[in-house]
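What follows is a single structure, written as structure tokens, with notes after it.
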Amino acid sequence: MDREKEFYERLERKGVSRRDFMKYCTALTAALGLSSSFVPKVAEVFAAPKQRPPVIWLHFAECTGCSEGFLRSAYPFVDELVLEILSVEYHETIMAAAGYQAEEQLHQAAEKYKGKFICVVEGAVATKFDGGYGKVAGRTFLEIAKDICPKAAAVICLGSCSSFGGLPSAKPNPGGYKSVSDALGIKTLNIPGCPPNPINLVGTVVNYLLLGKLPELDELGRPLFAYGKAIHDQCPRRAHFENDEFVEEFGSEEAAAGYCLYKMGCRGPETYNNCPIAKFNDGTSWPVEAGHPCIGCSEPDFWDKFTPFYEEM
Ligand code: SF4
Ligand code: F3S
């Protein structure tokens with residue numbers, strides 16, 4: 001109880017009221033497809049966590065944008081909330097240790113929590129030339145992935161690079177970059193996006209802590225609660241050419257359809273993600289709302305498959 005009280009006091013000091021926090025939990029519960037009776041339980045996962053699963057967070061070929069996006073999410077301090085409900089044992093970007101000390105920490109944590117830790121991976125794995133295109137501390141990404149990932153209870157790929165190969169695997173791909181799943185021949189839970197929305201990782205973790213299992217996945221390993229629908233099917237711009245009121249407002253069906261970004265190359269009809277609902281920057285906006293077509297950043301092979309971006313599909 002003390003812990004819970006301390007949690008709400010800490011939020012209060014940061015200007016987040018209990019009401020705001022409960023609103024966030026309600027939205028998260030709905031995003032997870034759970035009934036509203038789960039809201040207090042979701043709040044409890046943050047406020048009074050019963051367990052803090054150990055996490056090893058690996059970085060391979062990527063821009064660290066997934067970590068950056070995640071750590072910069074301000075309201076309601078998703079980064080802190082997650083760092084409090086998880087026990088992050090190794091994360092190159094945010095850990096204080098460096099060099100041998102950091103490497104020691106990685107190996108000790110992987111042995112100590114063998115079969116129990118969650119491995120979060122950002123970045124693709126170089127596979128050609130014995131993985132020679134990418135190394136950390138003298139070991140190739142491939143060696144590290146082969147060593148650490150099989151010891152984890154679950155491997156969560158954060159971002160399109162680790163999930164599907166992303167930009168590093170775009171043509172001509174001299175290093176033979178692949179997704180973690182293809183490089184190791186294992187099943188992974190994938191949270192693609194360039195960058196992915198932090199709420200989709202939070203939802204996955206909360207699902208795990210609340211129900212003791214990972215969320216239901218589609219055939220590409222993506223949580224259905226976040227990637228179950230096409231962008232186009234949730235897009236408010238679509239309403240403009242399908243709604244009589246808007247057609248009247250715009251004067252004709254053609255004019256209303258002009259509000260849609262399809263002719264500017266929008267890949268919304270082929271892209272599965274919850275951007276229109278979850279939005280970015282603390283729920284402020286998302287690419288199509290800001291006037292830019294969706295480039296399909298969360299789909300497999302998005303770079304090769306969807307370029308040139310501004311041409312109609
Ligand atoms: Fe679909 Fe894109 Fe048009 Fe929205 S802007 S309705 S996602 S094609
Ligand atoms: Fe990516 Fe399209 Fe969403 S470009 S961020 S999946 S709107």
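Bear in mind that the values here come from a model prediction, so they are computed numbers and not experimental data.
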Task: Whether Phe46 and Phe21 hold their rings parallel, tilted or perpendicular, with breakpoints at 30° and 60° - done: perpendicular
Task: Considering all heavy atoms, the nearest Gly134-Ala126 contact - done: N-CB, 4.2 Å
- [ ] Any pair with a residue in residues 208-227 that passes salt bridge (charged side-chain N to carboxylate O under 4.0 Å, His left out), sequence neighbours left out, goes on the list, sorted by first then second residue, please.
- [x] Asp218-Arg222, Arg222-Glu299
Task: Distance (rounded to the nearest 0.5 Å) between Phe117 CZ and Ile148 CD1 - done: 6.0 Å
Open item on the list: Could you report the tightest heavy-atom contact between Ser285 and Lys279, atom names first, then the distance?
Closed with: O-CB, 3.4 Å
- [ ] Could you point out which residue of Cys157, Ser160, Ser162 forms a side-chain contact (heavy atoms from CB on, under 4.5 Å) with Pro192?
- [x] Ser160
Task: Same apolar cluster (I L V M F W Y, side chains within < 4.5 Å links), Leu214/Leu184 - done: no
Open item on the list: Could you report the tightest heavy-atom contact between Ala145 and Pro150, atom names first, then the distance?
Closed with: O-CD, 3.4 Å
Distance-only check: which donor-acceptor pairs under 3.5 Å involve side-chain atoms of residues 306-313, not counting sequence neighbours?
unit_1 : atom_1 : unit_2 : atom_2 : d
Thr307 : OG1    : Trp303 : O      : 2.5
Tyr310 : OH     : His292 : NE2    : 2.5

Solution key, residues 92-100 side-chain donor-acceptor pairs under 3.5 Å, sequence neighbours excluded:
unit_1 : atom_1 : unit_2 : atom_2 : d
Glu92  : OE2    : Tyr90  : OH     : 2.8
Thr93  : OG1    : His59  : NE2    : 3.2

- [ ] May I ask whether Leu34 and Ile277 are part of the same hydrophobic cluster, defined by side-chain heavy atoms of I, L, V, M, F, W, Y residues being less than 4.5 angstrom apart, directly or through others?
- [x] no
- [ ] Please examine the side chains of Cys294 and Cys266, heavy atoms only from C-beta on, and report whether any two atoms are closer than 4.5 Å.
- [x] yes
Open item on the list: For residues Val136 and Val120: do they belong to one hydrophobic cluster (side chain heavy atoms under 4.5 Å, members Ile, Leu, Val, Met, Phe, Trp, Tyr)?
Closed with: no
- [ ] May I have all residue pairs that pass side chain to side chain donor-acceptor pair (under 3.5 Å) and include part of residues 184-196, sequence neighbours excluded?
- [x] Thr188-Asn190
Task: For the student: nearest non-hydrogen atoms of Leu201 and Trp57, plus distance - done: CD2-CH2, 3.9 Å
TODO: For Arg52, enumerate each residue passing the side-chain hydrogen bond (donor to acceptor under 3.5 Å, both in side chains) test, keeping only those at least two apart in sequence or located in another chain.
DONE: none
Task: Note, Thr140 side chain near Asp130 side chain (heavy atom, < 4.5 Å) - done: no
Open item on the list: Using a 3.5 Å distance criterion without hydrogens, assess whether the side chain of Glu89 forms a donor-acceptor pair with backbone atoms of Gln105.
Closed with: no
Open item on the list: Going by side-chain hydrogen bond (donor to acceptor under 3.5 Å, both in side chains), name the residues that satisfy it together with Asp147, two or more places apart in sequence or in a different chain.
Closed with: Arg139, Lys151
TODO: Kindly check if the number of other-residue, nucleotide or ligand heavy atoms within 6.0 Å of NZ (Lys305) is above 12?
DONE: yes
Open item on the list: Please tell me whether Leu217 and Leu224 are part of a single hydrophobic cluster in this structure, the criterion being side-chain heavy atoms less than 4.5 Å apart.
Closed with: no
Task: Met264: hydrophobic cluster co-members (side-chain, 4.5 Å) - done: Ile231, Leu261, Phe280, Trp286, Val288
TODO: Establish whether Leu220 and Leu189 are linked, either directly or via other cluster members, by ILVMFWY side-chain heavy-atom contacts under 4.5 Å.
DONE: no
Open item on the list: Working to the nearest 0.5 angstrom, can you tell me the gap between Leu106 CG and Gln101 CD?
Closed with: 13.0 Å
- [ ] Please tell me if the side chains of Val205 and Val45 come closer than 4.5 Å, counting only heavy atoms from C-beta onward.
- [x] no
Open item on the list: Is any side-chain heavy atom of Ile191 closer than 4.5 Å to one of Ser163?
Closed with: no
Open item on the list: Does either side chain, that of Ser17 or that of Asp20, offer a donor lying less than 3.5 Å from an acceptor on the other one?
Closed with: yes
Open item on the list: I need the full list of ring-ring contact (aromatic ring centres under 6.0 Å, His included) pairs touching residues 202-229, with sequence neighbours left out, sorted by first then second residue.
Closed with: none
- [ ] Could you tell me whether a side-chain N or O of Gln234 sits under 3.5 Å from a main-chain N or O of Asn273, the two making a donor and an acceptor?
- [x] yes
Sequence neighbours left out, cut at 3.5 Å: what donor-acceptor pairs do the side chains of residues 165-174 make with other protein atoms?
unit_1 : atom_1 : unit_2 : atom_2 : d
Ser169 : OG     : Gly165 : O      : 3.2
Ser169 : OG     : Gly166 : O      : 2.9
Asn173 : OD1    : Gly176 : N      : 3.2
Asn173 : OD1    : Tyr177 : N      : 2.8
Asn173 : ND2    : Tyr177 : O      : 3.1

Task: Worked verdict on Leu58 versus Phe141 for side-chain contact (heavy atoms from CB on, under 4.5 Å) - done: CA-CA 9 Å; Leu58 300 174; Phe141 296 157; over 6 Å; no
Open item on the list: To the nearest 0.5 Å, what is the distance between CG on Asn274 and CD1 on Ile199?
Closed with: 8.0 Å
Task: Side chain Glu270, main chain Arg267, donor-acceptor under 3.5 Å - done: no
- [ ] With rounding to the nearest 0.5 Å, note down the distance linking CD in Gln108 to CD in Glu103.
- [x] 11.5 Å
- [ ] Could you list the residues that satisfy side-chain contact (heavy atoms from CB on, under 4.5 Å) with Lys112, not counting sequence neighbours?
- [x] none
Open item on the list: I'd like to check Arg10 versus Arg13 (side-chain heavy atoms, cut-off strictly below 4.5 Å). Are they in contact?
Closed with: yes
Open item on the list: Restricting to non-hydrogen atoms, name the atom on Gly159 and the atom on Pro196 that form the minimum distance, rounded to 0.1 Å.
Closed with: N-CG, 3.7 Å
Open item on the list: If we ignore hydrogens and angles and just use 3.5 Å, is the side chain of Ser181 paired with the main-chain N or O of Ile186 as donor and acceptor?
Closed with: yes
Open item on the list: Just to verify, what does Thr284 make a side-chain hydrogen bond (donor to acceptor under 3.5 Å, both in side chains) with, not counting sequence neighbours?
Closed with: none
TODO: Could you tell me whether the side chain of Asp182 and the main chain of Phe164 form a donor-acceptor pair under 3.5 Å?
DONE: no
TODO: Find out whether Thr271 and Ser298 are in side-chain contact, i.e. whether some heavy atom of one side chain is under 4.5 Å from a heavy atom of the other.
DONE: yes
TODO: Please name all residues satisfying side-chain hydrogen bond (donor to acceptor under 3.5 Å, both in side chains) with Arg238, sequence neighbours left out, ordered by chain then number.
DONE: His232, Asp233, Glu242
Task: Between CZ on residue Arg19 and OG1 on residue Thr26, distance to nearest 0.5 Å - done: 11.0 Å
- [ ] Look up atom CD in Glu12 and atom CD in Glu9, then write down how far apart they are to the nearest 0.5 Å.
- [x] 8.5 Å
Open item on the list: Determine whether a donor-acceptor pair (N or O, by modelled atom type, separation under 3.5 Å) exists between the side chain of Glu122 and the backbone of Ser67.
Closed with: yes
- [ ] For Pro195 and Gly65, work out which heavy atoms get closest and say how close.
- [x] CB-O, 3.9 Å
Open item on the list: Are Pro223 and Asn200 packed together at the side-chain level, in the sense that at least one heavy-atom pair is separated by less than 4.5 angstrom?
Closed with: no
